[in-house]
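First comes the structure, then the notes that go with it.
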Amino acid sequence: QHMMLVENMKRDDNPFGEPKSKRGDWAEGLDLKDATQEKVDVLFHAGCRFSYDMELREIVRGAAILLKEAGVDFGIAGPQEGCCGLRAFEVGFKGEMEKYADDMMSRVATSGATKLVTPCADGYSAFKYYYPWVGAKLNVEVFHITEYLDQLMKEGRLKFGKEVSMRVTYHDPCHLGRLGEAYEPWDGEWKEVLGHMLVSEPRKPMRAGENGVYEAPRNILKNIPGLELIEMERNRVNAWCCGGGGGASEAFPDFTYRTAMERISEAKATGADALVTSCPWCETTFKDAIRKSGEKFEIYDIVELIRSAK
């Protein structure tokens, strides 16, 4: 199953084996700038799941509409956009991700962008941590869409005019939370002490997950009129995974289902009306699990709630 995923990426630049020519179809009719032909301040990277999953199409379109309404100078690469490569890396193909990193560096340079914004948590983690880790320098500020919209909200460029009367709980995606920390370079060496222990000198920065993207999505939710945010017992750095990442959903669907249902049960136990997340892979995993279980519980992307409050 993992080899099929990697072969799809090699052939079509996405894990699903969908035609690369259709990658930009999600933006049809939005009149967005072509960042491969025009200079932009912000390069918007939709990501594979948002580009091809019809169930999620209105979310990525909604994110682009929010940026347009805020007057952001941004563009997309359309059919020229490539996969971030993180899925290949997570199942053992580091070299494939490095190829995508080289491709992304070239695309960013061509666009002239100073910022890279993505609604995909996988892409965010790749751009923020894994690319610098393998030596790929994008030379732009990297934002997840929740971070960027939170910034626009604070600047008064994103405003809410409608109430959304709902109680929700927020699920922290792994690649936005624990795995969303920025890469910190380290130039040192490992030394043996006491004959059996290795210590870093100078001390190597620990990547424990505390500096992931936790507050920006919560800040947005707290500012939506009428919306009540209730936290699950396990949240932020201690959040329970949806079960869909790292190649699990492709090769171990039963494991993914059990993992997703545990998180959904935890969300329902809060008394919330719906679970909100900011990762297309998490959303798909939860929705698939709910359909399989026959249970009733709403799953939203944060962009959907923002659009409802406009």
For Lys310, does the NZ atom sit with more than 12 other heavy atoms under 6.0 Å from it, leaving out its own atoms? yes

Lys/Arg cation over aromatic Trp281: Arg87, 6.0 Å, 45° cone: yes

Min side-chain heavy-atom separation Asn139-Val108 under 4.5 Å: no

Chi angles and distances behind the side-chain contact (heavy atoms from CB on, under 4.5 Å) call for Met4, Glu250: CA-CA 9 Å; Met4 184 183 301; Glu250 291 84 4; over 6 Å; no

Under 6.0 Å from the NZ atom of Lys292, do we count more than 12 heavy atoms belonging to anything else shown? yes

Nearest non-hydrogen partners of Asp150 and Ile220, listed with the distance: N-CD1, 3.8 Å

Does the side chain of Ile224 come within less than 4.5 Å of Met166's, by heavy atoms? no

May I ask you to say whether Glu231 pairs ionically with Arg218, meaning some side-chain N is under 4.0 Å from a carboxylate O? yes

Side chains of Val276 and Thr169 in contact at under 4.5 Å (non-hydrogen atoms): no

Output yes when Asp102 and Lys99 qualify as a salt bridge under the 4.0 Å nitrogen-oxygen rule, no when they do not. no

Applying the 4.5 Å side-chain criterion to the ILVMFWY set and letting contacts propagate, would Val213 and Val140 be lumped into a single cluster? yes

Just checking Glu38: does its CD atom have more than 12 heavy atoms from other residues, nucleotides or ligands closer to it than 6.0 angstrom? yes

Electrostatic pair Asp53:Arg57 at N-O distance under 4.0 angstrom: no

Please determine whether side chain to side chain donor-acceptor pair (under 3.5 Å) holds for the pair Ser278 and Tyr170, giving the CA-CA distance in whole Å, both sets of side-chain angles, and the decisive distance to 0.1 Å. CA-CA 9 Å; Ser278 45; Tyr170 178 73; 2.6 Å; yes

Cluster overlap Ile302 with Leu66, hydrophobic side-chain contacts below 4.5 Å: yes

Distance to the ring centre below 6.0 angstrom and angle to the axis at most 45 degrees; does that hold for Lys115 and Tyr148? no

Can you establish whether the number of heavy atoms outside Glu28 located under 6.0 Å from its atom CD is more than 12? no

Could you walk me through whether Glu304 and Ile59 pass the side-chain contact (heavy atoms from CB on, under 4.5 Å) test, one step at a time? CA-CA 6 Å; Glu304 294 178 285; Ile59 297 171; 3.7 Å; yes

Report whether Ile65 and Val303 are members of the same hydrophobic cluster (ILVMFWY, side-chain heavy atoms less than 4.5 Å apart, transitive linking). yes

Side chains of Leu67 and Leu152: closer than 4.5 Å at any heavy-atom pair? yes

Set out, in order, the CA-CA distance, both residues' side-chain angles and the distance that settles side-chain contact (heavy atoms from CB on, under 4.5 Å) for Phe93 and Met9, then state yes or no. CA-CA 11 Å; Phe93 290 80; Met9 293 172 71; over 6 Å; no

Going through the distances and angles, do Asp103 and Arg107 end up as a salt bridge (Lys or Arg N to Asp or Glu O under 4.0 Å)? CA-CA 6 Å; Asp103 181 56; Arg107 190 172 303 111; 2.3 Å; yes

Under 6.0 Å from the CE atom of Met206, do we count more than 12 heavy atoms belonging to anything else shown? no

Is Phe255 reachable from Leu5 through a run of I, L, V, M, F, W or Y residues, each pair having side-chain heavy atoms under 4.5 Å apart? no

Give a yes or no on whether a salt bridge exists between Asp13 and Lys20, defined as a side-chain N under 4.0 angstrom from a carboxylate O. yes

So, are Glu18 and Lys22 salt-bridged, with charged N and O less than 4.0 Å apart? no

Kindly indicate whether a cation-pi arrangement holds for Arg263 with Phe286, taking the cut-offs as under 6.0 Å to the six-membered ring centre and within 45° of the axis. no

Could you verify whether a donor N or O on one side chain and an acceptor N or O on the other, from His175 and Glu90, lie under 3.5 Å apart? yes

So, Tyr124 versus Glu147: side-chain donor-acceptor pair below 3.5 Å or not? yes

Indicate the atoms forming the closest heavy-atom contact of Asp172 with Asn235, along with that distance. OD2-C, 3.7 Å

Looking only at non-hydrogen atoms, find the nearest pair between Trp26 and Ala46 and report the distance. NE1-CB, 3.7 Å

Looking at Lys222 and Glu228, would you say the former's side chain and the latter's main chain have a donor-acceptor pair under 3.5 Å? no

Report the C-alpha distance between Glu215 and Arg236 in whole Å, list the side-chain angles of each, state the deciding distance to 0.1 Å, and finish with yes or no for salt bridge (Lys or Arg N to Asp or Glu O under 4.0 Å). CA-CA 9 Å; Glu215 301 313 316; Arg236 294 176 172 81; 3.0 Å; yes

Side chain to side chain, Val42 and Asp73, heavy atoms closer than 4.5 Å: no

When you look at CD of Glu233, are more than 12 heavy atoms from neighbouring residues, nucleotides or ligands closer to it than 6.0 Å? no

Would you call Arg203 and Glu201 a salt bridge, taking side-chain N to carboxylate O under 4.0 Å as the test? no

Ring of Trp133, cation from Lys128 - is the NZ or CZ under 6.0 Å from the centre and inside 45° of the axis? no

Please determine whether the number of non-hydrogen atoms from other residues, nucleotides or ligands lying under 6.0 Å from atom OH of Tyr257 exceeds 12. yes

Shortest non-hydrogen contact from Glu210 to Val237? N-CG2, 4.1 Å

With the threshold set at 4.0 Å, does a side-chain nitrogen-carboxylate oxygen contact exist between Lys268 and Glu262? no

Leu138 versus Met104: any side-chain heavy-atom pair under 4.5 Å? yes

Is any side-chain heavy atom of Phe44 less than 4.5 Å from a side-chain heavy atom of Thr118? no

Treating Ile, Leu, Val, Met, Phe, Trp and Tyr as nodes and any side-chain heavy-atom pair under 4.5 angstrom as an edge, say whether Val134 and Phe127 lie in one connected cluster. yes

Heavy-atom count check: over 12 atoms from other residues, nucleotides or ligands less than 6.0 Å from Arg11 CZ? yes

Rounded to the nearest 0.5 Å, how far does CZ of Arg207 lie from CG of Leu179? 5.0 Å

If I compare all heavy atoms of Pro280 with all of Ala121, which pair ends up nearest, and what's the gap? CD-N, 4.3 Å

Side-chain touch Ser111/Thr36, heavy atoms, less than 4.5 angstrom: no

side-chain contact (heavy atoms from CB on, under 4.5 Å) between Val72 and Asp41, intermediate numbers included: CA-CA 8 Å; Val72 177; Asp41 182 45; 5.8 Å; no

